[in-house]
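The structure under discussion appears below in the form of structure tokens.
The first residue in the sequence is number 1, and the count goes up from there. Just so you know, ligand 1 is whichever comes first in the structure, and atom 1 is the first atom listed for that ligand.
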Amino acid sequence: MIWNETMECMNREDMRKLQGIRLKKTVERVYHNCEPYRKRMQEKGISPADIQTIDDIVKLPFTSKKDLRDYYPFGLLSSPMSEIVRLHASSGTTGKPIVVGYTRNDLAIWDEVGARCFTAFGLGKQDVVQISYGYGLFTGGLGAHGAVQTIGGTVIPMSSGNTEKQIMLMHDFGAVGLACTPSYALFLADAMKDSGIPREEFKLKVGAFGAEPWTEEMRREIESKLGIKAYDIYGLTEIIGPGVGYECQFQNGTHLCEDHFFPEIVNPETGEPMLPGEFGELVFSTITKDGMPLLRFRTRDLTRLIYEKCECGRTSVRMDRILGRCDDMLIIRGVNVFPSQVESVICEMLELEPHYFINVDRINNLDTFEVLVEVKEEFYSDEVNKLLDLRKRIVHRLQSVIGLSPDVKLVEPRSIERSQGKAKRVNDKRKFN
Ligand code: ADP
Ligand code: ZN
């Protein structure tokens with residue numbers, strides 16, 4: 001099912017025209033209402049008249065997370081405070097939180113794009129959906145909440161935490177959909193098993209997972225543990241929250257709501273545009289928002305864009321899986337390492353649980369690289385020789401995927417700390433030296 005066929009399946013030429021019109025309006029808005037933007041444009045020697053089509057977007061200055069911090073809390077608003085009806089703040093995974101203000105119109109846009117997501121996941125009016133993203137300043141809970149209400153589904157506004165109750169209500173209320181972070185989905189899978197309630201007694205079929213990077217291998221783990229189909233939902237506070245992008249039933253990329261959020265891929269070092277299909281840093285311009293429109297916002301997320309029409313009939317651009325954030329990339333002994341590479345190796349191996357933790361340090365001027373992995377119950381009790389062999393195979397596989405041999409430590413099942421929101425899987429002690 002498609003929620004908004006006009007927008008999701010528009011031919012590309014018409015879409016670009018529409019994006020041009022919307023961008024022009026947004027540029028005029030920020031130029032006249034937001035001083036930092038006006039100043040920046042003046043410094044670059046451009047005025048709103050220079051922006052006529054979507055191709056002109058490259059003339060505009062970038063916006064970064066730092067700008068949001070520098071103008072904290074309300075310096076980047078383009079609407080008077082009297083028009084702002086809601087505030088959200090980022091979870092601050094990487095530093096001081098940033099604040100975003102929404103007008104009524106912005107909230108309506110958010111509901112609209114969220115409705116596209118949950119419809120694409122196959123959910124509708126008849127379905128009960130448990131929202132186990134945190135409610136509050138974090139956009140996850142309220143974002144998914146508005147989306148499910150918009151499609152007419154029944155919301156269980158559960159929030160995260162309180163695991164036993166999560167499982168009880170999921171069972172008693174017959175939740176068909178579950179929305180949470182992928183790491184919390186794994187946590188709930190274990191809790192479901194512990195509850196002793198047979199899987200057949202749950203109605204759960206579909207998961208809407210996002211807010212943190214997850215690999216294809218992690219998807220398979222979650223799907224088999226929970227017995228559901230797991231979909232990706234993408235978003236970020238600065239742009240709106242969850243609903244910027246979503247997977248369709250073909251799961252060959254995350255469709256972006258590009259009639260609201262115009263995406264570009266640039267070289268993360270130089271800011272130069274990359275060629276279509278090349279990997280780089282994702283950049284968004286909001287082209288319909290009023291409260292706090294952002295132009296060319298550098299997400300720090302690394303991915304690529306796919307412009308071919310999708311089998312589902314949608315023409316909207318798709319983004320590939322997010323490799324990670326530029327800030328997540330570890331440079332260990334000169335080698336670039338993404339936690340997602342470690343994750344895919346660990347999830348491939350039958351004997352391991354999909355839980356891991358990476359420790360990086362520098363001792364005597366040499367980087368140390370340790371990976372803790374959980375062994376499944378049935379293998380943990382194996383004889384020492386077998387465990388040694390398993391360890392060797394993991395090191396070998398990691399060496400061939402990332403080009404480095406970490407010190408692998410096999411640990412007991414359930415000994416690595418679980419996350420109820422965004423998982424923290426890396427401790428890079430070098431940063432504090
Ligand atoms: P914070 O930056 O504090 O984590 P947000 O909650 O706004 O604040 O997080 C947005 C970020 O979360 C995105 O830029 C991206 O890195 C990550 N993210 C969100 N959804 C996904 C997803 N489906 N896949 C991968 N990463 C995601
Ligand atoms: Zn599709």
Mark up the atoms of ligand 1 that fall under 4.0 Å of a heavy atom belonging to [X], in ascending order.
X	answer
E212	18 (N), 19 (C), 20 (N), 21 (C), 22 (C), 24 (N), 25 (C), 26 (N), 27 (C)
K65	2 (O)
G210	23 (N)
S90	3 (O), 8 (O)
I233	20 (N), 22 (C), 23 (N)
G235	10 (C), 13 (C), 19 (C), 20 (N)

Under 3.5 Å between some N or O of ligand 1 and some N or O of [X]?
X	answer
D232	yes
T139	no
F209	no

Part of D301 within contact of ligand 1 (heavy atoms, under 4.0 Å) |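 For D301, only side-chain atoms sit under 4.0 Å from ligand 1.
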Just by distance, with hydrogens left out, do [X] and [Y] show a side-chain donor and acceptor under 3.5 Å apart?
X	Y	value
T63	Y37	yes
S405	Q399	yes
W214	E343	no

Strictly distance-based, threshold 3.5 Å: is any side-chain N or O of [X] a donor or acceptor partner for the main-chain N or O of [Y]?
X	Y	answer
E281	C326	no
D106	D290	yes
K289	I239	yes
Q130	Q166	yes

Report the C-alpha separation of R16 and T53 in whole Å, then their side-chain angles, then the decisive distance to 0.1 Å, and conclude whether the side-chain hydrogen bond (donor to acceptor under 3.5 Å, both in side chains) test is met.
-> CA-CA 8 Å; R16 289 189 72 80; T53 72; over 6 Å; no
Determine, for E348 against R393, whether the closest basic-nitrogen to carboxylate-oxygen distance falls under 4.0 angstrom.
->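 Looking at R393 together with E348, the answer is no, because their closest N to O distance does not fall below 4.0 Å.
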Contact check, K422 vs ligand 1, heavy-atom distance below 4.0 Å |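 Under 4.0 Å: yes for K422.
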Please list, in chain and residue-number order, the protein N/O/S atoms closer than 2.8 Å to the Zn ion (ligand 2).
->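 Checking every protein N, O and S atom gives C248 SG, H255 NE2, C310 SG, C312 SG.
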Check the surroundings of atom NZ in K193: do more than 12 heavy atoms from other residues, nucleotides or ligands lie under 6.0 Å from it?
->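 Counting other residues, nucleotides and ligands, NZ of K193 stays at 12 neighbours or fewer.
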Pairs involving residues 97-118, ordered by first then second residue, that meet ring pair (Phe, Tyr, Trp, His ring centres under 6.0 Å) (sequence neighbours left out) =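 Residue pairs with at least one partner in residues 97-118: H88-Y102, H88-W110, Y102-W110, F118-F121.
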